[in-house]
Student: 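A single structure is presented below for examination.
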Amino acid sequence: MAASDNRKVIAVSDANALAETAADRILTRIAANGDRVAICLSGGSSPKQLYRLLATDAYRGRIPWQRVHWFIGDERLVPANDPLNNMGMARQIFLDRCAPASNIHPIPTDSSDPREAARRYQSELQSLYGADCLDPARPLFDVVLMGVGPDGHTASLFPDYPAIEETEPWVVGVPKAHIEPLVPRVTLTLPALGSCREMLFEVAGSDKRAILTRVLAGENLPANRARSSGETVWLVDQAALPESFRGQ
Ligand code: 6PG
């Protein structure tokens, strides 16, 4: 529907349509890459419906699981089986049933130091990517899923925190969260998240409308600064859509 700079906003009717549209876009990106595919998942509650959908017969059978690798854009430093663990949630909903274990790449949470966990995840990403520097011609990920929090954060990049300004590291530790759950976080930085063919935000529900209005007005918020080197798409349902975007 509306396009401004390299961001496209796609409005859909409701959360079901949003999950279906996201799943179809992921399938399209997988099909476009005949080699190893890298998908970076998001945490929080927004992607749960999409994850459930990917595990259904309709979608599961269309994903070449052996060549798709799954990463996570940010993690809460809690044990892997804690309900707050982002990758744990994705594993429980679909990955453990569908993906080979060696294709699931969680951020380690066995260290109490988020910086140490960040260093380890960065090494893993760099070794799979095969280089320590991101090449704009060779994106790290095919798809990066994102959500937005009420303060405009995305991944664990919080407003006015130093992590949002990082240009060199791919992954950093965030000792103190800005918002609940108030546990240390580990997050990919803007350059790492942005190194993708498609960045896909999922935004649904009326409680997202206020922050979405601020983001789409161009406010300097992490979710607004997160851009793909390829395509940046915001999938938004009617309940979350700001008044000024209706009917466009
Ligand atoms: C996290 C997330 C975070 C999330 C947004 C939206 O670990 O909390 O990765 O960035 O995507 O806060 O969360 P909801 O989908 O729960 O609203």
Side-chain angles (χ1 to χ4, degrees), residues 12 14-16 18-19 21-22 39-53 70-95 105-109 114 117-118 121 141 143-161 163-164 166 171-190 192-194 196 199-216 221-228 232-237 239-241:
V12 296
D14 55 23
N16 288 335
L18 194 145
T21 308
I39 297 184
C40 186
L41 300 173
S42 58
S45 56
S46 303
K48 287 184 178 176
Q49 202 157 340
L50 164 66
Y51 297 166
R52 280 192 284 268
L53 195 59
W70 307 89
F71 300 85
I72 191 87
D74 76 310
E75 193 53 271
R76 296 110 175 243
L77 222 60
V78 294
N81 59 358
D82 187 298
L84 289 177
N85 187 286
N86 284 335
M87 189 57 119
M89 174 271 288
R91 293 185 82 130
Q92 200 246 324
I93 297 180
F94 81 112
L95 289 178
H105 304 275
I107 291 176
T109 58
Y121 204 52
F141 300 114
V143 180
V144 171
L145 291 177
M146 299 282 253
V148 59
D151 57 353
H153 81 264
T154 190
S156 282
L157 295 167
F158 299 107
D160 304 323
Y161 273 39
I164 187 75
E166 295 285 5
V171 190
V172 294
V174 181
K176 227 176 145 194
H178 185 242
I179 206 164
E180 288 194 348
L182 295 171
V183 293
R185 313 283 188 105
V186 176
T187 187
L188 270 63
T189 56
L190 288 181
L193 291 164
C196 60
M199 180 179 280
L200 192 55
F201 280 85
E202 287 188 275
V203 189
S206 56
D207 56 342
K208 297 278 180 190
R209 196 186 298 166
I211 189 60
L212 190 60
T213 304
R214 292 174 58 194
V215 169
L216 297 181
L221 293 165
N224 208 10
R225 291 175 59 183
R227 301 287 167 123
S228 166
T232 306
V233 174
W234 282 66
L235 284 183
V236 180
D237 82 344
L241 201 64

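Counting convention: from 1, in listed order, for ligands and their atoms alike.
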Student: Under a 4.0 Å heavy-atom cut-off, which residues neighbour ligand 1?
Tutor: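 If the criterion is a heavy atom under 4.0 Å, then ligand 1 touches Gly43, Gly44, Ser45, Ser46, Asp74, Arg76, Asn86, Gly147, Val148, Gly149, His153, Thr154, Ala155, Arg185, Lys208.
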Student: Can you tell me how the ring of Phe158 sits relative to the ring of His178, calling it parallel under 30°, perpendicular over 60° and tilted otherwise?
Tutor: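 Tilted, since the angle between the ring planes falls between 30° and 60°.
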Student: Nearest 0.5 Å, what's the CZ-CG distance between Arg225 and Leu190?
Tutor: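 Spacing of CZ (Arg225) from CG (Leu190) equals 6.0 Å.
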Student: Compare all side-chain heavy atoms of Leu77 with those of Val186 and state whether any distance is below 4.5 angstrom.
Tutor: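 Sidechains of Val186 and Leu77: in contact.
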Student: Within the distance-only criterion (no hydrogens, no angle test), does the side chain of Arg227 pair as donor or acceptor with the backbone N or O of Gly194 below 3.5 angstrom?
Tutor: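 Pair absent, no side-chain N/O of Arg227 close to backbone of Gly194.
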Student: Just wondering, are more than 12 heavy atoms of other shown residues or ligands nearer than 6.0 Å to CG in Asn16?
Tutor: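 Count over threshold, so yes.
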Student: For the residue pair Leu84 and Pro181, what are the closest heavy atoms and their distance?
Tutor: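 Smallest heavy-atom distance, with atoms named: CD1-CB, 3.9 Å.
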